[in-house]
Amino acid sequence: MPEPLLTYRGTVYPWHCDHIGHMNVMWYVGKFDEATWQFFNALGLSPHYLRSASRGMAAVEQHISYIQELHAGDVVTIRTTLLEFKEKSLRFAHDMTNDESDVVVARTTLKAVHLDTVARQTCAFAESIATKAASLLHAV
């Protein structure tokens, strides 16, 4: 089974924290979003490909579990696993880990669709992307 891809490394800054002193949910989502674009790039859905082929990606479903609080100074890593790949959509999971404790602190699962940005409708992934996805697909 393929290893999850390293898609993000970063730090929790004081301005990421709310009045209670832990990282606010908007920053979890932002860090997961950055990891998503790294993951798409690894699949071949690079910025150049998306622009030149008039393609795009859109999230249609997301579930987040906040498992443990993060505070200013915490260092985090996100690893991404491809769970499902279909003709026009994919489903994947991000695990955010506190690097000091090596504990998963948040997890999100997303479903995204591939779009033709001119026709404004879903479309099939290119064969090269399907081939790369097949090499990354995890059995669930």
Side-chain angles (χ1 to χ4, degrees):
M1 182 178 300
E3 287 293 315
L5 293 176
L6 174 64
T7 52
Y8 179 86
R9 290 200 112 134
T11 303
V12 178
Y13 289 97
W15 57 87
H16 295 161
C17 299
D18 58 24
H19 62 285
I20 300 171
H22 61 263
M23 189 166 77
N24 187 273
V25 296
M26 71 179 278
W27 295 100
Y28 286 89
V29 173
K31 291 174 187 298
F32 283 139
D33 184 62
E34 289 186 53
T36 295
W37 290 107
Q38 289 289 332
F39 176 60
F40 287 168
N41 187 67
L43 287 173
L45 295 162
S46 67
H48 174 75
Y49 168 79
L50 294 172
R51 285 189 291 266
S52 65
S54 298
R55 296 295 184 254
M57 295 295 294
V60 295
E61 187 174 346
Q62 181 173 12
H63 300 274
I64 302 176
S65 297
Y66 302 101
I67 301 164
Q68 194 173 91
E69 293 180 350
L70 289 170
H71 301 91
D74 287 340
V75 180
V76 297
T77 297
I78 298 175
R79 288 182 175 77
T80 306
T81 303
L82 180 61
L83 302 173
E84 179 180 70
F85 187 84
K86 295 184 176 181
E87 179 187 19
K88 299 178 183 182
S89 68
L90 51 82
R91 194 169 54 87
F92 56 98
H94 293 306
D95 284 339
M96 181 184 292
T97 303
N98 179 322
D99 288 354
E100 184 177 6
S101 65
D102 200 33
V103 171
V104 175
V105 296
R107 177 175 290 121
T108 188
T109 304
L110 296 104
K111 180 177 181 179
V113 295
H114 188 232
L115 301 170
D116 178 321
T117 59
V118 175
R120 306 297 289 171
Q121 64 184 23
T122 60
C123 63
F125 288 103
E127 184 62 36
S128 61
I129 294 164
T131 299
K132 181 64 178 178
S135 73
L136 296 175
L137 196 57
H138 278 62
V140 287

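This chain uses plain numbering: 1 for the first residue, then up along the sequence.
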Query raised in the report: Quick one: side chain to side chain contact (heavy atoms under 4.5 Å, CB included) partners of Y13, sequence neighbours excluded?
Result: T11, W15, H16
In a table with atom names and distances, give each donor-acceptor pair under 3.5 Å that connects a side chain of residues 42-60 to protein atoms at least two apart or in another chain.
{"residue": "S46", "atom": "OG", "partner": "Y49", "partner atom": "N", "Å": "3.0"}
{"residue": "S52", "atom": "OG", "partner": "H48", "partner atom": "O", "Å": "2.9"}
{"residue": "S52", "atom": "OG", "partner": "Y49", "partner atom": "O", "Å": "3.4"}
{"residue": "R55", "atom": "NH1", "partner": "A53", "partner atom": "O", "Å": "3.3"}
{"residue": "R55", "atom": "NH1", "partner": "D116", "partner atom": "OD2", "Å": "3.4"}

Report task. State, with a plain yes or no, whether a side-chain heavy atom of V25 is found less than 4.5 Å away from one of Y66. Result -> yes
Query - Nearest non-hydrogen partners of A133 and L82, listed with the distance - result: O-CD2, 3.4 Å
Query raised in the report: Are W37 and Y28 in one and the same hydrophobic cluster, where Ile, Leu, Val, Met, Phe, Trp and Tyr link if side-chain heavy atoms are under 4.5 Å apart?
Result: no
Report task. Taking side-chain hydrogen bond (donor to acceptor under 3.5 Å, both in side chains) as the test, write out the residues that go with D99, two or more places apart. Result -> T77
Query - Heavy-atom side-chain proximity of I78 to V76 below 4.5 angstrom - result: no
Query raised in the report: Does V12 share a hydrophobic cluster with M26, counting links as ILVMFWY side-chain heavy atoms below 4.5 Å and allowing steps through other members?
Result: yes
Query raised in the report: Looking at G21 and H71, what are the two nearest heavy atoms and their distance?
Result: O-CD2, 3.1 Å
Query raised in the report: With ILVMFWY side chains joined below 4.5 Å, transitively, what does L6's cluster contain besides itself?
Result: none
Query raised in the report: Does some side-chain heavy atom of L70 sit less than 4.5 Å from a side-chain heavy atom of M96?
Result: yes
Query raised in the report: What pairs of residues pass the salt bridge (Lys or Arg N to Asp or Glu O under 4.0 Å) test when at least one of them lies in residues 58-79, not counting sequence neighbours?
Result: none
Can I get a per-line list of side-chain donor-acceptor pairs under 3.5 Å for residues 106-115, giving both atom names and the distance, sequence neighbours left out?
{"residue": "R107", "atom": "NE", "partner": "D95", "partner atom": "OD1", "Å": "2.5"}
{"residue": "T108", "atom": "OG1", "partner": "Q62", "partner atom": "NE2", "Å": "3.2"}
{"residue": "T108", "atom": "OG1", "partner": "H63", "partner atom": "O", "Å": "2.9"}
{"residue": "H114", "atom": "ND1", "partner": "C123", "partner atom": "O", "Å": "3.3"}
{"residue": "H114", "atom": "ND1", "partner": "A124", "partner atom": "O", "Å": "3.2"}

Query raised in the report: Among all residues two or more places apart in sequence or in another chain, which pass the salt bridge (Lys or Arg N to Asp or Glu O under 4.0 Å) test with E84?
Result: R91
**Report entry** Which atom of C17 lies closest to which atom of A72, heavy atoms considered
**Finding:** SG-N, 3.6 Å
Query raised in the report: Can you pull the ring pair (Phe, Tyr, Trp, His ring centres under 6.0 Å) pairs that have at least one residue in residues 91-110, sequence neighbours excluded?
Result: F32-H94, F39-F92, F40-F92, F92-H94
Report task. Working to the nearest 0.5 Å, report the span between OG1 of T131 and CG of L136. Result -> 11.0 Å
**Report entry** Shared-cluster residues of V118, by chain and number - hydrophobic side chains joined below 4.5 Å
**Finding:** none
Query raised in the report: Does anything in residues 13-27 pair up under salt bridge (Lys or Arg N to Asp or Glu O under 4.0 Å), and if so which pairs, sequence neighbours excluded?
Result: none
Requested in this report: With sequence neighbours excluded, tell me which residues meet side-chain hydrogen bond (donor to acceptor under 3.5 Å, both in side chains) with Y8.
Outcome: K31
